[in-house]
Amino acid sequence: RSRSLPLPGAPFSRRERSQRRGVRRAARSAMVVQSVREDEGRVLLDMLEALRIGAQGSSAITVRILAASDHDGVCAAKIFVSVLHSRGVKYTVVPVHTSTEILENVQQLGADTEVRSLVLLNCGGSLDLSQMLLECGTPADLRCFVVDAHRPILLKNLSKHADRVFIYDDDPRLDDPMELGVRPPVDEDDDDEEKHLEEDAGGDEEETRFGDDAGRIERKRKREADRISREERKRQRINEYYMSTYCAMPAAVSLFKMARQAALASQDLLWAAAVSLVGYHELGLLGKLEYDRLAWEELKEAFDRTDDDLGSLKVTPSASAGPRTADGVAGAAGATALDSATPNSDDETSAAPSRRRPRSSGEARQLRFEADFRLLMYKHWTLEESINHSGYFYGTLELHRDKGIRALKNFFATAGIAPNDYKQLYSCMSLPARRSLQKKFSDFGKGYGLSKDKMFLQQFVLDRGPLGEAKHALWLKEISCSDAAYMILALLGGVPASLSNTRLDNLPQMEGGRRDTAAI
């Protein structure tokens with residue numbers, strides 16, 4: 001009878017331990033990590049619905065978007081604000097460069113009670129966002145949504161205890177458990193450790209009850225050694241996880257899934273996602289095999305499936321409703337390049353999908369998926385200069401050496417490309433030379449070590465139609481995804497003349513004559 005009553009500090013019975021583990025499993029099922037790879041990204045519609053509900057009953061701006069100042073952040077912001085505009089959600093876009101700028105923006109939310117949702121695009125996954133929201137004194141109802149391609153993600157953001165942070169994970173590597181960088185369990189390890197402790201406590205109770213003092217010490221040593229071994233394996237697995245740095249699905253491609261699920265897919269948004277994907281490949285952050293798989297499965301398949309709808313749906317916001325920075329300036333850094341290389345929609349006050357109608361001659365702009373040169377801006381430059389500034393051609397031909405320059409000239413002569421063609425702008429080349437350019441590279445490039453698979457890349461090319469004839473010398477009528485990606489990167493990496501090294505005397509200074517780094 002005395003053993004039937006639980007004593008203070010006594011271990012739980014088997015039934016009680018089973019009930020507690022059931023409660024923990026139920027809590028794990030409500031984790032804040034949402035897998036975008038399931039059901040073609042329908043989970044992103046939950047985020048969109050949460051933002052829409054949070055904006056109800058308020059005339060103020062309820063969503064603040066922090067977009068990374070890279071090509072993926074620009075493309076993701078364009079897709080995201082297009083979808084928000086169609087739902088009537090007011091937003092503010094703020095480009096961020098560093099983690100410090102993210103912290104400064106979160107600190108501003110402590111005094112702004114109107115903002116109910118914070119969205120981080122291609123940034124923030126490696127920061128302790130829950131702790132940041134707590135220390136900055138943000139409102140308790142503020143929720144943080146993260147779509148970030150950078151890996152690894154901080155494990156604290158993946159814990160069920162981070163109930164204010166929602167991570168939308170789109171990582172193809174998690175589909176293969178044998179791949180390096182597979183995420184270690186977060187809360188499961190803690191629960192397993194607690195289960196072992198409960199079992200150990202139960203074992204000690206049984207040993208004490210039956211007076212088995214002879215083997216109790218030995219078994220206790222064994223359990224302690226097992227505990228140390230488990231902690232070491234856990235620590236080693238976490239270290240391996242944080243040492244594996246890579247890029248998962250581009251944020252713009254993930255958000256394009258949301259646009260498709262919301263029936264808002266358009267050529268504008270498909271183009272933005274394609275530019276983001278090609279940019280990762282051109283920067284060496286995405287391998288050729290992975291790029292080909294994503295380009296065909298995520299984008300080309302969507303393009304073929306909804307080809308007619310992509311030609312008729314228009315969701316690009318008007319200039320007055322476009323993405324705004326914290327200062328109210330329309331567009332973020334790099335948006336100009338993306339917009340200029342994007343098939344523009346008609347001027348409409350609503351961004352909702354329009355009815356299908358015949359396209360006029362002015363709407364002849366369209367996308368096509370084809371193999372194009374991996375030459376830097378070759379359609380807007382001279383062929384010779386483009387080859388000298390393209391990494392694969394420069395390294396393979398060894399253009400840093402005299403023999404490489406001679407090899408390039410021999411290649412032009414062998415392929416039948418005249419000097420008056422490769423030394424002038426692409427738009428000024430003769431029409432037969434332009435049409436036979438790819439065939440000549442394919443036929444004669446092998447003799448100079450050039451591989452066809454690496455000279456060309458399957459990508460989307462934008463035919464801008466009559467819009468591209470304004471600057472005929474630059475050949476703006478056709479723009480490839482790689483061209484648009486390099487345009488955005490060039491704009492983002494540009495330094496204003498007032499901040500360049502040529503005008504150091506004009507930089508802001510403090511009273512003592514030192515440079516005012518904060519003002520700069």
Side-chain angles (χ1 to χ4, degrees), residues 36 41 44 48 65-86 91 93-97 119-125 145-150 168 170 247-260 262 264-283 285-286 291 294-295 298-300 302-303 310 315-317 322-325 330-345 351 367 369 457 459-462 464 479-493:
V36 182
L44 290 170
L48 183 60
I65 304 172
L66 304 184
S69 295
D70 55 17
H71 74 285
D72 192 18
V74 172
C75 296
K78 180 175 179 62
I79 296 176
F80 194 62
V81 300
S82 298
V83 177
L84 290 182
H85 178 73
S86 69
Y91 56 86
V93 178
V94 182
V96 292
H97 298 79
V119 181
L120 281 75
L121 299 181
N122 207 38
C123 61
F145 304 90
V146 181
V147 183
D148 194 357
H150 301 97
Y168 291 86
D170 196 356
C247 290
M249 186 76 70
V253 179
S254 298
L255 293 178
F256 180 69
K257 296 180 182 178
M258 178 180 66
R260 289 182 58 194
L264 295 173
S266 70
Q267 285 195 9
D268 291 19
L269 307 189
L270 176 61
W271 172 253
V275 170
S276 172
L277 181 61
V278 171
Y280 275 95
H281 179 57
E282 293 294 334
L283 293 174
L285 301 176
L286 204 63
Y291 167 80
L294 296 178
E298 302 292 345
L299 301 181
K300 181 59 166 60
F303 181 69
L310 287 177
V315 300
T316 301
R324 297 180 295 274
T325 63
T336 304
L338 187 62
D339 291 337
S340 64
T342 303
N344 299 320
S345 63
L367 296 177
F369 191 71
L457 183 68
Q459 58 182 307
F460 283 95
V461 177
L462 174 63
R464 304 182 70 238
I479 298 180
S480 65
C481 286
S482 59
D483 292 343
Y486 281 120
M487 291 178 188
I488 296 175
L489 292 172
L491 288 174
L492 294 174

Evaluation steps, side chain to side chain contact (heavy atoms under 4.5 Å, CB included), between Leu120 and Val147: CA-CA 6 Å; Leu120 281 75; Val147 183; over 6 Å; no

Heavy-atom pair of closest approach, residues [X] and [Y]:
X: Trp271; Y: Phe460; answer: CZ3-O, 3.8 Å
X: Leu66; Y: Cys123; answer: O-SG, 3.5 Å
X: Gln459; Y: Ser482; answer: OE1-N, 3.0 Å
X: Cys75; Y: Ile488; answer: SG-CD1, 4.3 Å
X: Met258; Y: Leu48; answer: SD-CB, 4.3 Å
X: Ile479; Y: Ala484; answer: CG2-N, 4.1 Å

Roughly how far, to the nearest 0.5 Å, is the [atom2] atom of [Y] from the [atom1] atom of [X]?
X: Leu462; Y: Gln267; atom1: CG; atom2: CD; answer: 7.5 Å
X: Tyr168; Y: Phe145; atom1: OH; atom2: CZ; answer: 5.0 Å
X: His71; Y: Leu492; atom1: NE2; atom2: CG; answer: 10.0 Å
X: Ser276; Y: His281; atom1: OG; atom2: NE2; answer: 13.5 Å
X: Leu367; Y: Lys300; atom1: CG; atom2: NZ; answer: 11.5 Å

Ala149 meets the side-chain contact (heavy atoms from CB on, under 4.5 Å) criterion, sequence neighbours left out, with Asp72, Asn122, Tyr280

- Residues in side-chain contact (heavy atoms from CB on, under 4.5 Å) with Ala273, at least two apart?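 Only Ile79, Val253, Phe256, Leu299 meet the side-chain contact (heavy atoms from CB on, under 4.5 Å) criterion with Ala273.
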
task = Decide yes or no on side chain to side chain contact (heavy atoms under 4.5 Å, CB included) for Ile65 and Leu121, but give the supporting numbers first.
result = CA-CA 7 Å; Ile65 304 172; Leu121 299 181; 3.6 Å; yes

For Leu264 and Ser82, what are the C-alpha separation, side-chain angles and deciding distance, and is it a side chain to side chain contact (heavy atoms under 4.5 Å, CB included)? CA-CA 9 Å; Leu264 295 173; Ser82 298; over 6 Å; no

Any residue meeting salt bridge (charged side-chain N to carboxylate O under 4.0 Å, His left out) with Asp170, in chain and number order, not counting sequence neighbours: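 Per chain and number, Asp170 pairs via salt bridge (charged side-chain N to carboxylate O under 4.0 Å, His left out) with Arg37, Lys257.
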
Contacts of Phe80 meeting ring-ring contact (aromatic ring centres under 6.0 Å, His included) (sequence neighbours excluded), chain-then-number -> none

What pairs with Tyr291 under side chain to side chain donor-acceptor pair (under 3.5 Å), at least two apart in sequence or on another chain?
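With sequence neighbours excluded, Tyr291 shows a side chain to side chain donor-acceptor pair (under 3.5 Å) to no residue whatsoever.
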
The side chain to side chain donor-acceptor pair (under 3.5 Å) partners of Asp148 (sequence neighbours excluded) come to His150

Checking Leu286, Leu283, Leu457 against Val278 for side-chain contact (heavy atoms from CB on, under 4.5 Å), the one that qualifies is Leu457

